[in-house]
Amino acid sequence: MKIFITRKNKCHLKGNVSVMIASLLGAWIISFPYEGQLLYTLAKSYGVECTAILDISLLMLVVGLVAGGIFVRTIQMAKNVLIISIPVCILLTITFFFNTYSIWTITLAGCAATAGVSITACGHFIKKEVEPENRFRAAAEILIYMFFIKMVISNISLYISIQAGIAVILFVLGAASFLSLKLLNVENKKSFPTAFDKKKGMKALLVLFLFVMIVAIDFGIMTQIVNPKYNSFDWLTSWYWLLPYVAAAYIMIRIRKAENRSNVLYIAVGMIGFGFLLFLILDQSITSYLIVNTVMMAAWAIYDVFWWSSLAGMLEMTKNPATIFSVGFSAIMIGVLLGKVVAENSLLISDFTLYVVTMAVLCSTLVILPVLHRFLSSMIKKNAELQVNFPNNTDLLTDRERQIVALALKGRTYKLIAAELHLSENTVKTHIKNIYSKLGVKTKAELYSYIME
């Protein structure tokens, strides 16, 4: 009974250690090694050209992600990675307190590679701690938390001091390091395999990789071309971008049906295209910024929530969830790099040609999106139809008790089992007690072993 009660309480996502660590690490990555505003501000203050440094940082992030996907094979290894790598990032980040830009390329590359390995390790703990039915909400909450922290860090760097900004990101890393020491309870939680079609799962992961990479190309173009147009409104651009992003992410959380969430993606494609068109035809006024930023950031939020939650949903299809995070996050890094290449050469082409290129990329997403949705839907349906082959020694169970056992072994909580079978939670608990008594088991882990023997 204890295991069921523990799993039920996991619906309270804010208390999940894995969600908190992923939020803190993600905030640090997007605030510093991954095109972070703090890094731009730091380079500008010292008169350092940071384009090459940032490109190296992105490449090393990919290297770290690939390494994490290959070598972080177990949850114990994932825990060791977090315990060791985060303090290493703290030490490397401290070098940016000083005017030693001659070694910044080395220390930033080290930070990026270490960050890549660390974020893949989080996949093990999210799979272990967050139930599949809660992962969509968990993905959206991680995004909201990490972008809010990024906004705080960016504004402190701009309006207080760069040193204060660095101090804040060191505090963020310190908090992540402290929480990583609390992962023992997560590590010891029992997990139960789910029946995914691995062949279809790998195809879905490949399609998701292409989809995310193509969308990231557009994002790379926008950050290099759109954002500089409104640099004169730093006091507004430093915080307003978060509002439409959070609002769109929150709306996605409120959409309960997976089919409806996927349909919203088509709207997001149109929003990005419309936003870029507005960027080309509107002036550089505050009103134009508010319109363009609202449309684009809301669309990016929809994309981010979709692909983050898709990655989280795929964690069940492999024994090494770090591989899933490795592929997914590598896609966005590679896409951003390609987008930067297009943007850096945009001066050689007209605005109209650039718009055509951007629209072509968006049209590619429209082609990939239905394929991706079909594969993911197939995986979800396959999981929902999982059947348990009961051994002969479970003949004492009634048909209703067999239904409850099958749902429990798929990770369903009391509340979800009750809703699916149109029963009360107390009735489900009574059935569970009877099942345990008939089979002579005391925990869900023992029940799983009994059924699968």
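Residues take their numbers from the sequence shown, with the count starting at 1. Since we're looking at a predicted model, the values are computed, not measured.
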- Query: Can Leu108 and Ile56 be said to form a side-chain contact (heavy atoms from CB on, under 4.5 Å), step by step?
  - Reply: CA-CA 9 Å; Leu108 183 62; Ile56 292 173; over 6 Å; no
- Item | Between NZ on residue Lys79 and NZ on residue Lys182, distance to nearest 0.5 Å | 11.5 Å
- Message: For Phe171, is the CZ atom crowded, meaning more than 12 foreign heavy atoms sit under 6.0 Å from it?
- Response: no
- Message: Tell me whether Asp283 contacts the main-chain N or O of Ser288 through its side chain, where contact means a donor paired with an acceptor under 3.5 Å.
- Response: no
- Side chains of Trp300 and Tyr303: closer than 4.5 Å at any heavy-atom pair? yes
- Which is it for Thr294 and Tyr240 under the side-chain contact (heavy atoms from CB on, under 4.5 Å) test, yes or no, and what are the steps along the way? CA-CA 9 Å; Thr294 300; Tyr240 178 77; 2.7 Å; yes
- Task: Identify the heavy atoms of Ile156 and Gly165 that sit nearest to each other, and give their distance.
- Result: CG2-N, 3.7 Å
- So, Ser154 side chain and Met151 main chain: donor-acceptor pair closer than 3.5 Å or not? no
- Any side-chain heavy-atom pair of His124 and Asn320 under 4.5 Å: yes
- Message: Is any side-chain heavy atom of Val264 closer than 4.5 Å to one of Ile251?
- Response: no
- For the student: nearest non-hydrogen atoms of Ala298 and Ala248, plus distance: O-CB, 3.5 Å
- Shortest non-hydrogen contact between Ile119 and Ala22, atoms and distance: CD1-O, 4.4 Å
- Tell me, do Leu24 and Trp28 make a side-chain contact under 4.5 Å, heavy atoms counted? no
- Side chain Thr107, main chain Trp104, donor-acceptor under 3.5 Å: yes
- In sequence, state the C-alpha distance, the side-chain angles, and the governing distance for Phe125 and Val17, and then conclude on side-chain contact (heavy atoms from CB on, under 4.5 Å). CA-CA 8 Å; Phe125 296 101; Val17 177; over 6 Å; no
- Note on the structure: Across all chains, not counting sequence neighbours, the ring pair (Phe, Tyr, Trp, His ring centres under 6.0 Å) partners of Phe329 are Trp307, Trp308, Phe325
- Heavy-atom nearest pair, Ser85 first then Val81, reads OG-O, 2.6 Å
- Query: So how far is it from Leu290 CG to Thr237 OG1, rounded to the nearest 0.5 Å?
  - Reply: 10.5 Å
- Spatial distance of atom OG (Ser31) from atom CE (Met146) [nearest 0.5 Å]: 8.0 Å
- Can you name the ring pair (Phe, Tyr, Trp, His ring centres under 6.0 Å) partners of Phe136, sequence neighbours left out? none
- Task: Please round to the nearest 0.5 Å and tell me the distance separating atom CD1 of Ile29 and atom CG of Leu61.
- Result: 6.5 Å
- Task: Report the C-alpha separation of Ile267 and Ile302 in whole Å, then their side-chain angles, then the decisive distance to 0.1 Å, and conclude whether the side-chain contact (heavy atoms from CB on, under 4.5 Å) test is met.
- Result: CA-CA 9 Å; Ile267 299 176; Ile302 294 170; 5.6 Å; no
- Query: Looking at side-chain heavy atoms only, is the closest gap between Phe32 and Ser57 below 4.5 Å?
  - Reply: no
- Determine the minimum heavy-atom distance between Met252 and Val305, stating which atoms define it. CB-CG1, 4.1 Å
- Task: Nearest 0.5 Å please: distance from the OG atom of Ser330 over to the CG atom of Leu58.
- Result: 11.5 Å
- Message: Is there a side-chain contact between Val212 and Leu311 in this structure, where contact means two heavy atoms from C-beta onward sitting under 4.5 Å apart?
- Response: no
- Item | Residues forming a side-chain contact (heavy atoms from CB on, under 4.5 Å) with Val63, sequence neighbours excluded | Met60
- Hey, what's the ring geometry for Trp241 with Tyr245, parallel, tilted or perpendicular (30° and 60° as the breaks)? perpendicular
- Query: Can you tell me if Glu129 uses its side chain to pair, donor with acceptor, with the backbone of Ser18 under 3.5 Å?
  - Reply: yes
- Within the distance-only criterion (no hydrogens, no angle test), does the side chain of Ser326 pair as donor or acceptor with the backbone N or O of Gly68 below 3.5 angstrom? no
- Query: Which pair of heavy atoms, one from Ser238 and one from Leu158, lies closest together, and at what distance?
  - Reply: CB-CD1, 4.0 Å
- Residue of the set Ile291, Asn293, Thr287 for which side-chain contact (heavy atoms from CB on, under 4.5 Å) holds with Tyr289: Asn293
- Taking Arg135 for the side chain and Lys127 for the main chain, is one N or O donor matched with an acceptor at less than 3.5 Å? yes
- Query: Does a side-chain heavy-atom distance below 4.5 Å link Ile86 with Leu25?
  - Reply: yes
- Message: With rounding to the nearest 0.5 angstrom, report the CD1 to CD1 distance, Ile90 to Ile169.
- Response: 10.0 Å
- Do the side chains of Ile334 and Phe209 get nearer than 4.5 Å, heavy atoms only? yes
